[in-house]
Q: 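Quick one: the structure is below, questions incoming.
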Amino acid sequence: MTLFTGITPLYGSSLQYAGPASLVWGWVVVSFFTCFVGVAMAEICSSFPTTGSLYFWAAHLAGPKWGPFSSWCCAWLETIGLIAGIGTQAYAGSQTLQSIILLSTGTNKDGGYFAPKWLFLCMYVSLTLIWAVLNTFALEVIAFIDIISIWWQVIGGLVIVIMLPLVAMTRKSAAYVFTSFEMGVDSTGVSSKPYAAILSFLVSQYSLYGYDAAAHLTEETKGADKNGPISILSSIGIIAVFGWAYILALTFSIKDFSYLYDPSNETAGAFVPAQILYDAFHGRYHNSAGAIVLLFVIWGSFFFGGLSITTSAARVVYALSRDKGIPYSSIWRQVHPKRKVPSNAVWLCAAICIVMGLPILKVNVVFTAITSICTIGWVGGYAVPIFARMVMPEKNFKPGPFYLGRARRPVCLVAFIWICYTCSVFLLPTYYPITWDTFNYAPVALGVGLSLVMVWWWVDARKWFKGPVRNIEISVNGKV
């Protein structure tokens, strides 16, 4: 989980639907319900600290009858979500880089260079390839980069959250930030207040997930039955606090609400956070240097986030291939003999991500589709083991150090309902009237993809797919 990667790209659209109050309080509401999901997953992680994580959990919690089907559904949802997640980071990172180039070469008003679609696609592909290359090195390299990532986001986040409101010459009042509800009917076409509020929550729902990443590396982590749950819960807590502070910093620093979306403004109306940063620093120092530096901090967060998601995606693809759940599994489950990383799985994820980005050249709603696919697949994968945990007989569950006891059913029920709601809203149209340029293609893409997966299951895979394959045998006396 990263501070900027979820909030920054969707901040502008979510603010436009219903204004600041819905956006600000939406983060609090979503954080509250996300805690239920995190607690439910932490209990399961404590009991099953194994690579393959979610779909391994689903197989064992659902029992011998439904285990293979549950793990099949969970594995493919998670795989789709994670690979699409690489695309979201590559797209948003390219969008940030586009703004950096524009402000560094002038502005939209002063002849600055605004990267065209072909160059935007090149940046998207380049980021994806860089993450793939870095993930082919040993795990120690990724671990070192992750440490840099933590400090980058903590220090960078504090700098932006503190500095931005101090630098801004004009600041919005608390009444505006916490109570103002402004409909952007002319821009979004959404005239229903409840519907606008629902869409304004999307930034929070897209931002507050990814905490399962720790579970993908539990076989490579010491004390995973304790450290896995701690990582999940601490990630949610830290991002909930820092994320709200970041939203407040941006919202308090707005100079002119309507000007943020003006195509003739300094950032071409393409990236609202960039315009907020520009207004703040240019208003006080009469140059955009400070805005460029902070945009680079934000871009670094996308870079580290994409690297981390690539790591998680490759581990899930490797685990599913190890269990023969992907075509040509013998290729994707190979581990590099020296570096001990699933290199082929890494490059498969990168290749699919690049293909997903090709429509950038022709379609303007690529990010909406990729974001929806990512969220539904990734968060939807959480629902399978949580539902299985909720309905399974308690006597069949072997608790770890983190155990909910009697609270597990109500916690899991709230978590499951929240996940279903989250997946549903990402299938909704986000702009009206619905045209080829505003249509949310996620339902079509997901419908086709998941239908193929289900057909494969009923026609063939159910005959041989038995879920995660045990690769360590335990003797009668308990010795390996």
Side-chain angles (χ1 to χ4, degrees), residues 3-24 27 92-93 95-115 156-182 184 186-188 200 203 242-302:
L3 174 61
F4 306 109
T5 56
I7 298 172
T8 307
L10 292 183
Y11 176 85
S13 59
S14 294
L15 180 67
Q16 193 174 33
Y17 287 123
S22 184
L23 174 63
V24 169
W27 183 270
Q95 195 175 36
T96 307
L97 189 57
Q98 185 182 52
S99 296
I100 293 174
I101 295 172
L102 177 60
L103 294 181
S104 299
T105 55
T107 65
N108 185 48
K109 290 184 174 182
D110 297 327
Y113 184 75
F114 187 79
L158 286 172
V159 168
I160 291 178
V161 167
I162 295 172
M163 180 178 291
L164 180 57
L166 294 177
V167 170
M169 295 290 289
T170 58
R171 286 187 292 273
K172 294 297 184 182
S173 66
Y176 174 82
V177 171
F178 293 108
T179 64
S180 179
F181 190 93
E182 300 181 19
D186 294 339
S187 301
T188 65
S200 72
V203 62
F242 270 76
W244 202 49
Y246 180 46
I247 289 175
L248 291 176
L250 287 172
T251 310
F252 270 109
S253 303
I254 292 175
K255 181 180 179 181
D256 184 343
F257 180 85
S258 60
Y259 187 66
L260 295 175
Y261 304 92
D262 189 342
S264 64
N265 68 17
E266 288 79 4
T267 56
F271 200 42
V272 167
Q275 186 63 40
I276 294 175
L277 292 172
Y278 175 84
D279 287 340
F281 282 90
H282 188 269
R284 183 172 291 274
Y285 302 110
H286 307 292
N287 63 68
S288 57
I292 294 170
V293 170
L294 295 191
L295 281 172
F296 180 75
V297 172
I298 294 172
W299 179 85
S301 187
F302 286 117

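Just the heavy atoms: all of them, side chains too, but no hydrogens, waters or symmetry mates, feed the values below.
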Q: Would you check if the side chain of W27 reaches a backbone N or O of I247 as a donor-acceptor pair within less than 3.5 Å?
A: no

Q: What is the distance from atom CG of L294 to atom CD1 of I276, rounded to the nearest 0.5 Å?
A: 12.5 Å

Q: Hey, are the side chains of T8 and Y246 touching, using non-hydrogen atoms and a 4.5 Å cut-off?
A: yes

Q: Under the rule for side-chain contact (heavy atoms from CB on, under 4.5 Å), what residues qualify as partners of Y261, not counting sequence neighbours?
A: L15, Q16, F257, V272

Q: Can you sort out the partners of Y17 under side chain to side chain donor-acceptor pair (under 3.5 Å), two or more places apart, ordered by chain and number?
A: none

Q: Would a 4.5 Å heavy-atom cut-off, applied to side chains only, mark T5 and I298 as touching?
A: no

Q: Indicate the atoms forming the closest heavy-atom contact of S14 with V203, along with that distance.
A: OG-CB, 3.2 Å

Q: Can you give the donor-acceptor pairs under 3.5 Å from side chains of residues 163-176 to other protein atoms, not counting sequence neighbours?
A:
{"from": "R171", "atom 1": "NH1", "to": "P165", "atom 2": "O", "distance (Å)": "2.6"}
{"from": "R171", "atom 1": "NH1", "to": "A168", "atom 2": "O", "distance (Å)": "3.2"}
{"from": "S173", "atom 1": "OG", "to": "Y176", "atom 2": "N", "distance (Å)": "3.2"}

Q: According to side-chain contact (heavy atoms from CB on, under 4.5 Å), who are the partners of N265, at least two apart in sequence or on a separate chain?
A: Y259, D262, T267, Q275

Q: What class does the angle between the rings of F252 and F178 fall in, given that below 30° is parallel, 30 to 60° is tilted and above 60° is perpendicular?
A: perpendicular

Q: How many angstroms lie between atom CG of D279 and atom CD1 of I254, to the nearest 0.5 angstrom?
A: 10.0 Å

Q: Looking at N287 and H282, would you say the former's side chain and the latter's main chain have a donor-acceptor pair under 3.5 Å?
A: no

Q: Could you walk me through whether T96 and F296 pass side-chain contact (heavy atoms from CB on, under 4.5 Å), step by step?
A: CA-CA 8 Å; T96 307; F296 180 75; over 6 Å; no

Q: Taking ring pair (Phe, Tyr, Trp, His ring centres under 6.0 Å) as the definition, give me every residue that meets it alongside F281, ordered by chain and number, with sequence neighbours left out.
A: none

Q: So, does S13 use its side chain to make a donor-acceptor pair with the main chain of L10 at under 3.5 Å?
A: yes

Q: Check whether any side-chain heavy atom of P9 sits under 4.5 Å from a side-chain heavy atom of F302, and report yes or no.
A: yes

Q: Taking all non-hydrogen atoms of both residues into account, name the closest pair between P20 and S180 and its distance.
A: CD-O, 3.5 Å

Q: What's the spacing between I160 CD1 and S253 OG if we round to 0.5 Å?
A: 11.0 Å

Q: With a 4.5 Å heavy-atom cut-off, do L102 and Y113 have their side chains touching?
A: no

Q: Going through the checks in order, is the side-chain contact (heavy atoms from CB on, under 4.5 Å) test met by V297 and V159?
A: CA-CA 10 Å; V297 172; V159 168; over 6 Å; no

Q: Show, in sequence, the C-alpha distance, side-chain angles and deciding distance for F114 and I101, and conclude whether the side-chain contact (heavy atoms from CB on, under 4.5 Å) test is met.
A: CA-CA 7 Å; F114 187 79; I101 295 172; over 6 Å; no

Q: Could you check whether any side-chain N or O of E266 sits under 3.5 Å from a backbone N or O of T107, counting only pairs where one atom can act as donor and the other as acceptor?
A: no

Q: Under the rule for side-chain contact (heavy atoms from CB on, under 4.5 Å), what residues qualify as partners of S288, not counting sequence neighbours?
A: L103, Y278, I292

